[in-house]
Structure formats: C-alpha cells, structure tokens
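Since the structure is predicted, the reported quantities are computational estimates derived from the model, not experimental observations.
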Amino acid sequence: MSTMDFNIGIEDVGVAILQELWNRVALQAVELAKETRDVMIEKGSFREFSRSITELDVLLKALNVRTIEAAMGTESTKVALEKLNDKLRRARKIIKNYKAGSRLRFLLHSHSVLTEMSGLAKDIATTISPFQLSNLDMALNLKSMNDEVIEKLNSMEFSVAAATETIALEIENSVSQSSRNRENAVKLLEKIAEAVGADANVSLVQTELALLKQEKEEMEVQKKQAEALQLSQLMQLLYSTEIVPGPRNEEASTCHKQYPIGSFICPLCKEMMVDPVAVFCGHSFERNAIQEYFESGKKNCPTCKEELQSLELTPNVNLRSSIEEWKKNDMDWRFQAAVSGINSDDHIRKNQALDDKQVLVEISHYAVRAAEEGLLPKFVEPLKDTTLNTKAAVKCLYCLAKYCDDRKREIIEAGAVRRIVKRIYNGETELNAIAILFELSKTEVLVEKIGNTKDCIPLLVYLVSYPNPEIALKAQDVLRNLSYNTHFVVKMAESGFFQSFVARFNQAVGHQETRALLASALIEMQLKENSINDLKDKQFVHNLVHMLATNAPACKSACIKCVKKLIQYPKMVKRFLSDPATIPLVLNIISFRSDPILKQEAAEILALLVQACKQPQFQIYQGLQELQSEHSVGLFLQLVEKSEPQFKVQFLHLLIELSNKSKTAQNLIRDNVDAVTHLFSCLDSDQPLVRRWTMKLIYCVSEGDRVPLPPSQGKETAINNLASILICSPDFEERSIAAGIISQLPKDDIDVDEILCKTETLKAIHEVICSSDGEFGGIGAHNNQDKSLLENALAALLRFTGSSKPELQKQVGKLELYPALVRVLSTGNSLAKQRTATALEHLSRSTSSLVSEASIRVRHEDSRSLFNTINLFPNMSWCCSASAENKISCPVHGIACSQRHTFCLVKADAVKPLLQTLSDTNSGVAEASLKALETLLEDHSTLSHATAAIVESKVSRQFCWS
C-alpha cells in the first residue's frame, strides 16, 4: 500500500468519526425539541426555543459534514460538535428534571432555571455560528434558516412572567413563617395549579408531596442541607392546605422542621448562620465564611458582586435574633413530635423519636419538660427491650439524671440501676450508662439504693480497670460517691478496690467503731499485689497502729489481727517498721496486763516483723533496736517462764527470730542464768511443742560451741535430757535439734565428755548414720527431716573423733561405724559429706601418729599384692570391722593399722569416695576431703606408698567410669 493510499484511509476514518458525532448532535436536537414542546410554565419562551431547535435539526440534516470538515479542519469541527452536543444535552437535562420533578419547586426556582436556559440558548448560537462561513455554496433557503436560527437563539430571553415571579415570592414568604393560615395556603395552591396548568385537587397535592419527599431524600444523601430544608418546608406548605390528611405528629418530625430559606442560609457556606454579619453593601454572611472569603484576596460582595468600599463586618443582631427564635420554635415543635413518637406502639417511630429526643434533652429545659411529660419510664423500657434504641434511651436517662434532681428517685424506682448493671454484665458497656450512676450517686439519700443493687459494686470495681479511660474514671467517681457508706466500702475492698477503703478509714477520725469494723472486714479478705499498693498508705498504717492504744478490747483485737495479716506482705513490713509507734505499742500489749491471747498475737506480730527484716535493718529502725534491749529480751524470757504452755510457744518463736538476727539478743539470753536454767528444765516437759521450740531457741543461741548450760547442779540433767531426746524421741525434728545442740556443747569441757560417755549418745549417732542408707530399716525418715538429722548427728560425731580425745575415738571404733561413714561420702548431701570427711580426717590423723615407720617398711613389700587382691574383692572383710582378726596388712601402714581401735583410709576404702567428692567445689566438701587425704601424706616415711595408693584409687575410679 502506497503512502497516498494510507493517508486517504486515515482521512476516511476521521470523517467517519465526525459523521458519527454529527449524527449524535442531530439526535440530541430532535430529543430536545420533543422535551420542550409540552412545558407548562412560560410556554411562550419554551415553544420559541423548541421551534429554533427543530430548525437547527433540519439545518444539521441538510449540511454535509465533509464540507464543514474541509472548511474548518478536522479538529476544529470535532471541538465545535462536541461543544454543541454538550449544550444540547444540558438544556435537555434541565427541561427533563423540571418535567419529572416537583412543579412547586420549579416555580420557586423558576428565575434561576430560566436564566440558565437563556445562557444555553446563546451558547448554542455561538457554537453553530462558524458553520455559515464554510457553507457559502449552500442553498439560499438553508443559508437563510441558518442565519435565522442563530439570530433567534442569540436574542432569546427566558424571562419570568410577573405572575410567576409573584407566585414564587408568595411561596418563599409562606414557607418561612412558623405558622400558616389554611385559607391563604389554599389560595396559593390555586395560583400554583393555574400556573402549571393543573387543578388544585387531591391528585395534584399527593403527586407533589411524593416528588418533594423523593427529592428531599436525595438531597439528604448528597448532604445538601439547605436544599433538603427547603423541600421540607414546601411539603408543609402543601399539608397546611388540608386537602390531604397531614402526617401524624410523630411522622411530621421527619418531614417538617420549619426550616427557613434564603436569609437564614449563608450564601457562601450553604449552612444556617450562627454568627451573621453584614458587609458594606448590606448582604449578610456567616462570620467565618466571609472572613475566609476576604482573606483569599477578594474585595467584592459574593452576592451582588459590588466592589466594597470597606471590608468592615457589622454583626446582624436582628437576623441573629430571628435565627435563634426560629431554632427555639423548631425545637419546641420537634420536642412535641418526639413525645408522640415515644408514646407510640410502633417500634420504628419510637426509635426515631428516641433518636430525636436524645439530642433535645441535652438542653436542661427540654430534659425537665421530658420528665414533666412522664417520659421517664419510657426511657427505662428500652433497657430491657433489645429491639428499641437503647443507646438513645440511656442518653435521655443520663440527661434527666443530670438536670432533674427531683426525678432521681423516680429513675431508680423505675429499675434503671438494675437494668444498667444487667446490660453492662452482658457486655454492653457505655459511658452514658456509668454517667447515670454517677449523677444518681451525687444524691446522698439515694446512695444506699445504688450500692444495694445486686452486683453493682463488684461491677463498678471491675470497670475501674476498663480499657476505656473515660469509663474507668467515671466508675471510680461513682465508687467515691458510694464511699460514705462503710458497708459499701467493705464491698469495694472485697471486690479488690481498696482506695475508698483506705480513704474511709483515714477519714473516720474519732470513730474507733468504724475503724474496728473496717479492720475486722480486712482480716477476712483475700489480698492481691495491687491491694497492698493501696494499703501501704502511710496515713492508713499510722492510724491502724494507733488503734493499738485504744482501751476498747474489741477495737484492739481487730486492729492486732489486721496488723498480723498485713505484715505477711513484705511491702507492708517496711511501712509498719517506718512508723515509730508500731513496735512500742505492740510491746505495750505484751508488757501490761491484757488478754493472754492478745499478748500471744502481739508476740507473733513482733516475730513476723523480725523475721521479715534483714540484719542491717536492725540498725535503721528504732523499734527493732528496742526489741534487742535487755529489758525487752528479759521480758520475753519471763513470759516464757510464766505463761501457760499454749502461750509459751509464741514467745519462744519471737526469741528465736531475734536470736537469728541479733548477736546482742543471743548474748543476753546466754547470760541470763535463771532463764537458761528454765529453758533446759523445759526439755523434760510433757508438752511436745513447748519442748521442741525450747530446743530450737537453745540451739539458736548455741552458735560456736557456746551452749549456755545451767550451773553445775543442772548441767548433767540438761545433757542427759538432750541425750535422751536424741536416743528415744519419736520426733525426727526433736532428735535433729538435740544432735545439733550436742554438737555445740563446749569441746574442752571434760565433764560434758564424761556425761555423754555414760549415755548411749554415740550409739544413737551410729544408728542415725547407718539408717541414712537403709542399713537399719524402720527408723529413717523420708523427707528433709532425715537430712537435717543426719547432718546434725555427723556434727555431734565430730565431738567423738577429735584427736585430743583418744578414748572417745576408741568408742567410735568399737561401733563399726566406718563403713557407714564411707557410704555417706557417696549418698549424703554436701553438708553431710563435708562433716563425714572431717570425721574421717580426725580418725585418720590419729592413726598416722601411732604408726611406726619401721613396722611399715617390714610389711610393705608383702602387703602390696594383698592390697591388689582387696581391690579385686571389695566385699571381703577389712580392717576396722568386727573381723579385725584378719591380719591383712595395709600397703601404706603395713599391719600397724590392723588394730581394732585404729582407722585407715586405705583399708576402709575411703580414698576413692574422697577423691570423688573433690568435684564438689561449691561447698566445703572438697576442702574437707583434701584435708582427709592429706593425713596419708603427712608421714614422709610412707609418702611414696601413700601417693601410690591415692594414684591407684584414682586410676581405678577412672576405669570404673569408663
């Protein structure tokens, strides 16, 4: 295909597009001519326009698009046709909307509609003018028609007839009035009917109402407020003729709101004015809107376009008063319409009325009127009916509770509080519901009814932690108002809210009964961490402590029980100790005559306080220092002596806690001879608890081999009692403490050794050690008590293994205790292993000193092979056992360690277990084991053999592990 052919093809396509556009314009002209023929208002102007458009259609059909395109060019022709099509379409749309819409509205806006049509006629003439320049060769009659069409459209005026303008003005005046006369409305309707060529009958009114309602809904969807308001007024104008029945009051609220037109609406923002101001020419606007207009640089009036000599704004007081009066009248009317709707049985109308009413009652005047109309029960009803507008009803109730104090009781009696609580429990939590409770709770006489509503207080406590901070704060405000009732404060605390509890307690100055009631209630409550954060209030603790000084037994008892409960929490301990009155007042209860039970509880409080403290705190708090005084410790010891058995225990406990923390207290107890004598006399008590706690105290103050034994007359009895408890008591804890005390008896006291030798103490120790690995079944315990007993028994054993006491060591050898000790190295806990290793060290060191270097060398070579045999057959008898008659010599000591009273680590197979404990580096076990092994290396004459034995045991251990 040649280039020329290609260009011709493109031209053909362009002409085809223009022809299609030309045909579309012709069709628009035909349709516009049809639409315009039967217009009933300003018939003359529209008929003339219709004739001109018909002639334009004829002209378009006669003209040739190719000729136009050749003369004007393709692009210019296309632009002209598109513009002409748009103008014809817009004119057609205006006429179509008029014919399809309300004629009443058209009349009201006839001036603006006709003005727009005039403009479109001139635009069409201007658009087709270029066509005559390019068609000089067309027929004379077509040329004449073209000129005539252009001339007619250019000169066409869609002027409003005087009668039409008068009717439009009457409509505007009528809809702006707050009340209408039926006779005047009917006369106006007759004029309207005549103007639109219809009869003033029911059909006309019904048709117009339906169209207006439809158009109003469309405007509301498009958020065109001014237009929607105007349409509502036009509807009311038609209803005021009473040709058709008017809507019921509740329905009227949605279609008649007495909305104004014109002067009340700002021409700039299209909203009803709030602060109207006038410009220099006299036109009024909303202040903010006209200020923004001027700030954009414009200096003319937006309405009349007149250039303003001054931009000064003058408040339009009269217009503002008129708007405010109109608003008041409008709200009065809407209020009455809503009252009828709320009293209706139709749920749809009732919900709409509730929606309207919730806005109105935000104004106190209408809230009072709603109450006077008897609507209060109607607002409560939706709280139990899920099909009704509950949120709106809650809002209405809130406004009534806020503005109508004299109606609050009525709100409660109508069941509002109970319904609100139920709704919130069902998950429907809203701020206005809590706000109702808050407003009601402001009236003191109603507090009881609110607080006594089932689940109300627990619910409010729950809401204090609600994620929505506004709801949480409002719930807290309600609880604060309910706090005037002590019982409600207790309920709050029981539900976990203690702020009101603490505040109420602090406020009850001079009302000890109230504080006693609160303290008694607190004793029974479950406390959590957040509760303690509230209760550690400094003033609360101070007031609670000072209740201890009251003379009323019931108050004092409640207070002391409350304190005892609170000091179980570390945060409270610090707070009580920080109050300088705490310990002195508690001591007063103990010091002076009072109920023994109170004394016991006071002692328990002091014990708990001391127990919770660390030693450095004894130097910080004056009260703790007072407890360590000679007077206080002496007092507690006297009470131990003089109190009934059931009360002794608590004072013993207090002394134990003091002794654990204070060396001063320990020394005071040890130095009190009479008290020590009494304590040891309690070891023979028939009261197990008294005996056990007494032993604990003696053990506590016996640290460092300093058991405070009674004078010589009672020493033997005391030691015998301890031995008896260790030997015979069925209580493992008692036996353990007895063993511990025995281990702390003075090591250099020969009398003590003699007394112990006369008893079966060592045998009891042997039994405990052997029972730890099941050798003596039936005696061992199965918990931490057996560990403690074993540890203390081993500590007591050390008294018998000292190198300075050979006679006691011999007794140990006679008991065949060594195998059990070696087993403890493998099975015991760290402390048991440490003490066992120490015992073995003592025994081994004594043996080493007895061994003769000469005898060792004689037997050394012969015994080496025998030692290997022993290692291969470990279950065979060995030295230090009952079969000491076997004369197998030791590879280190020869036969020198074969005597019954001697002990050898090698022949006892203790080397390997001792080596195993060296891995326990976190306690003193490894150190004690090293000291034990070191006894083999102290004699230089046997050093090499001892080293070989240790190495061989280590190799054997590694072999076994591999």
Side-chain angles (χ1 to χ4, degrees), residues 14-15 17-37 39 41-99 106 109-161 300 304-305:
V15 171
I17 292 173
L18 289 176
Q19 185 65 55
E20 174 63 27
L21 187 56
W22 186 276
N23 294 340
R24 197 183 307 162
V25 170
L27 181 62
Q28 283 280 21
V30 172
E31 295 295 330
L32 177 59
K34 289 181 183 178
E35 293 282 3
T36 313
R37 287 188 192 118
V39 174
I41 298 175
E42 304 300 334
K43 295 178 183 178
S45 298
F46 277 104
R47 284 175 183 172
E48 184 64 26
F49 180 73
S50 178
R51 280 194 294 271
S52 296
I53 296 301
T54 301
E55 291 173 357
L56 175 62
D57 177 50
V58 173
L59 183 63
L60 290 171
K61 289 177 179 176
L63 294 174
N64 188 316
V65 70
R66 284 186 175 273
T67 306
I68 298 291
E69 187 266 342
M72 295 179 60
T74 303
E75 189 61 31
S76 297
T77 304
K78 180 181 177 184
V79 170
L81 289 175
E82 286 176 345
K83 185 176 180 181
L84 179 59
N85 184 64
D86 179 63
K87 300 299 180 182
L88 294 172
R89 181 184 57 76
R90 284 177 60 191
R92 183 184 171 198
K93 182 180 179 182
I94 291 171
I95 296 170
K96 191 173 182 180
N97 287 345
Y98 149 67
K99 292 170 67 177
F106 179 80
H109 295 287
S110 57
H111 179 78
S112 61
V113 172
L114 294 176
T115 299
E116 189 174 4
M117 286 299 299
S118 296
L120 284 171
K122 290 177 173 57
D123 288 343
I124 293 170
T126 302
T127 304
I128 65 174
S129 294
F131 295 167
Q132 62 182 325
L133 302 176
S134 57
N135 288 279
L136 298 176
D137 59 342
M138 62 183 174
L140 289 176
N141 62 330
L142 291 178
K143 180 174 174 55
S144 175
M145 184 184 296
N146 185 54
D147 293 341
E148 186 177 348
V149 168
I150 292 172
E151 183 181 355
K152 285 181 179 179
L153 289 173
N154 265 326
S155 61
M156 189 168 291
E157 292 290 341
F158 284 84
S159 58
V160 182
N300 62 317
C304 66
K305 308 302 180 183

*Asks:* Any donor-acceptor pair under 3.5 Å linking the side chain of N23 with the backbone of Q19?
*Replies:* yes
*Asks:* What residues, two or more places apart in sequence or in another chain, satisfy side-chain hydrogen bond (donor to acceptor under 3.5 Å, both in side chains) together with E82?
*Replies:* none
*Asks:* Provide the full list of salt bridge (Lys or Arg N to Asp or Glu O under 4.0 Å) pairs with a residue in residues 109-119, sequence neighbours left out, each pair given once.
*Replies:* R90-E116
*Asks:* Could you tell me which residues satisfy salt bridge (charged side-chain N to carboxylate O under 4.0 Å, His left out) with K122, sequence neighbours excluded, listed by chain and number?
*Replies:* E157
*Asks:* My understanding is that only residues two or more places apart in sequence, or in another chain, count here; which of them pass side-chain contact (heavy atoms from CB on, under 4.5 Å) with K83?
*Replies:* K87, T127
*Asks:* Could you give the distance from CD1 (I124) to CZ (F49), rounded to the nearest 0.5 Å?
*Replies:* 4.5 Å
*Asks:* Residues two or more places apart in sequence or in another chain: which of them pass side-chain hydrogen bond (donor to acceptor under 3.5 Å, both in side chains) with R24?
*Replies:* none
*Asks:* Could you list the residues that satisfy salt bridge (charged side-chain N to carboxylate O under 4.0 Å, His left out) with E20, not counting sequence neighbours?
*Replies:* none
*Asks:* Tell me the closest heavy-atom pair linking L153 and S52, and the distance in Å.
*Replies:* CD2-CB, 3.9 Å
*Asks:* Got a sec, which residues hit side-chain hydrogen bond (donor to acceptor under 3.5 Å, both in side chains) with N154, two or more places apart in sequence or on another chain?
*Replies:* none
*Asks:* Within this structure, what is the NZ-CD distance for the pair K152 and E148, rounded to the nearest 0.5 Å?
*Replies:* 4.0 Å
*Asks:* How far does CG of D123 sit from CG of L84, to the nearest 0.5 angstrom?
*Replies:* 10.5 Å
